[in-house]
*Asks:* 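Below you will find the structure I want to go over with you.
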Amino acid sequence: MKVIRSVSELRQYSIEQQSNGRVVGFVPTMGYLHEGHTSLITRASVECDVVITSLFVNPTQFAPHEDFDSYPRDFEHDYNLAKKADCDVLFVPSREEMYPYGESTSLSVGDLAYKIEGKFRPHFFDGVATVVAKLFNAALPNKAFFGQKDYQQSLVVKSLSRDMLMGVEIVVCPIVRETNGLAMSSRNKYLTD
Ligand code: PAF
């Protein structure tokens, strides 16, 4: 598995793959991978010829009082899990690589951003849409894979791809649960027994 840190190198990789007739699958994540993420990578590797997974804790989807600084990060753990799940490329950009000019341009997803979870996190879905658009522009995927756990996010990303004429097929995959029924999530690390 290759590790790529620059947008231009990732774009080049994806263009080369597609010019050789290969379908590029993409799994965007914020890292601290678990079986929910690896199920997306496995699904992508079944449906596509090459799979790119990104690890990037996106600052623009966190409000100042939220857990950006303490969000769990463990590159070695993520590297090993992604490799085991048959990922071809791990894209690990820095904040400067993703936001070289700060946050001057952003996307707004409209009403859907301010309902349900968005009522309590009004900054969140615009931040997600902005970074997913940037990640799509870097990875240039044919298909992108998201978990149904984040159902509202999957609707936002589908609208994004449709409304911005991105042509990326959004594949929504089933929730993976712990044996006690809890949906797997990187933030489960915060929970006590
Ligand atoms: O679901 C996530 O992990 C994030 O919201 C995403 C889609 C990777 C964007 O940062």
Side-chain angles (χ1 to χ4, degrees), residues 4-5 7 10 25-44 51-63 66-75 77-78 81-82 85 87 89-99 103 105-109 112-118 120-141 143-164 166 168-177 183-190:
I4 294 182
R5 295 183 188 273
V7 168
L10 186 67
F26 181 45
V27 181
T29 83
M30 296 208 300
Y32 209 65
L33 302 184
H34 50 70
E35 282 171 47
H37 296 116
T38 56
S39 75
L40 302 179
I41 300 173
T42 305
R43 172 83 175 265
V51 181
I52 300 168
T53 301
S54 62
L55 306 178
F56 181 64
V57 184
N58 172 39
T60 65
Q61 67 192 72
F62 289 79
E66 292 182 340
D67 57 342
F68 175 74
D69 289 333
S70 57
Y71 194 87
R73 293 159 170 91
D74 186 340
F75 176 74
H77 161 92
D78 290 345
L81 278 193
C87 176
V89 172
L90 207 50
F91 177 50
V92 194
S94 64
R95 184 175 182 152
E96 294 68 36
E97 189 67 15
M98 289 303 292
Y99 292 95
E103 293 160 26
T105 303
S106 63
L107 287 179
S108 160
V109 296
L112 193 49
Y114 307 109
K115 295 178 180 163
I116 321 173
E117 185 176 358
F120 304 93
R121 305 180 77 196
H123 59 283
F124 177 65
F125 290 111
D126 288 348
V128 167
T130 301
V131 80
V132 169
K134 282 167 166 274
L135 290 167
F136 282 2
N137 284 336
L140 304 174
K143 295 185 177 196
F145 298 78
F146 291 82
Q148 193 177 26
K149 171 176 76 65
D150 303 305
Y151 180 67
Q152 191 173 3
Q153 170 172 275
S154 72
L155 297 182
V156 164
V157 171
K158 277 185 177 175
S159 307
L160 172 74
S161 180
R162 181 199 63 201
D163 297 346
M164 293 291 114
M166 290 172 155
V168 179
E169 183 187 333
I170 307 301
V171 182
V172 180
C173 306
I175 297 173
V176 177
R177 296 182 185 277
M184 289 192 183
S185 164
S186 307
R187 284 188 171 105
N188 289 354
K189 186 183 187 319
Y190 300 151

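Given the structure is predicted, the values throughout are model-derived calculations rather than measurements. In each ligand, atom 1 is the first atom listed, and ligand 1 is the first ligand listed.
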*Asks:* Among N58, T105, T130, whose side-chain hydrogen bond (donor to acceptor under 3.5 Å, both in side chains) with Y99 holds?
*Replies:* N58

*Asks:* Any N or O of N58 that comes nearer than 3.5 Å to an N or O of ligand 1?
*Replies:* no

*Asks:* Find out whether the Lys NZ or Arg CZ of R73 is both under 6.0 angstrom from the six-membered ring centre of F68 and within 45° of the ring's axis.
*Replies:* yes

*Asks:* Short list, please: which atoms of ligand 1 are under 4.0 Å from a heavy atom of V131?
*Replies:* 9 (C), 10 (O)

*Asks:* How far is atom 1 (O) of ligand 1 from the closest protein heavy atom, and which atom is that?
*Replies:* Q153 NE2, 2.8 Å

*Asks:* Taking atom CD of E35 as the centre, does the number of heavy atoms from other residues, nucleotides or ligands within less than 6.0 Å exceed 12?
*Replies:* no

*Asks:* Pairing donors with acceptors under 3.5 angstrom, does anything connect the side chains of Y32 and N188?
*Replies:* no

*Asks:* For atom 10 (O) of ligand 1, what's the nearest protein heavy-atom neighbour? Residue, atom name and distance, please.
*Replies:* Q61 OE1, 2.7 Å

*Asks:* Can you tell me how far the NZ atom of K149 sits from the OG atom of S185, to the nearest 0.5 Å?
*Replies:* 4.0 Å

*Asks:* Below a 4.0 angstrom heavy-atom separation, can you tell me which part of T29, side chain or backbone, both or neither, approaches ligand 1?
*Replies:* backbone

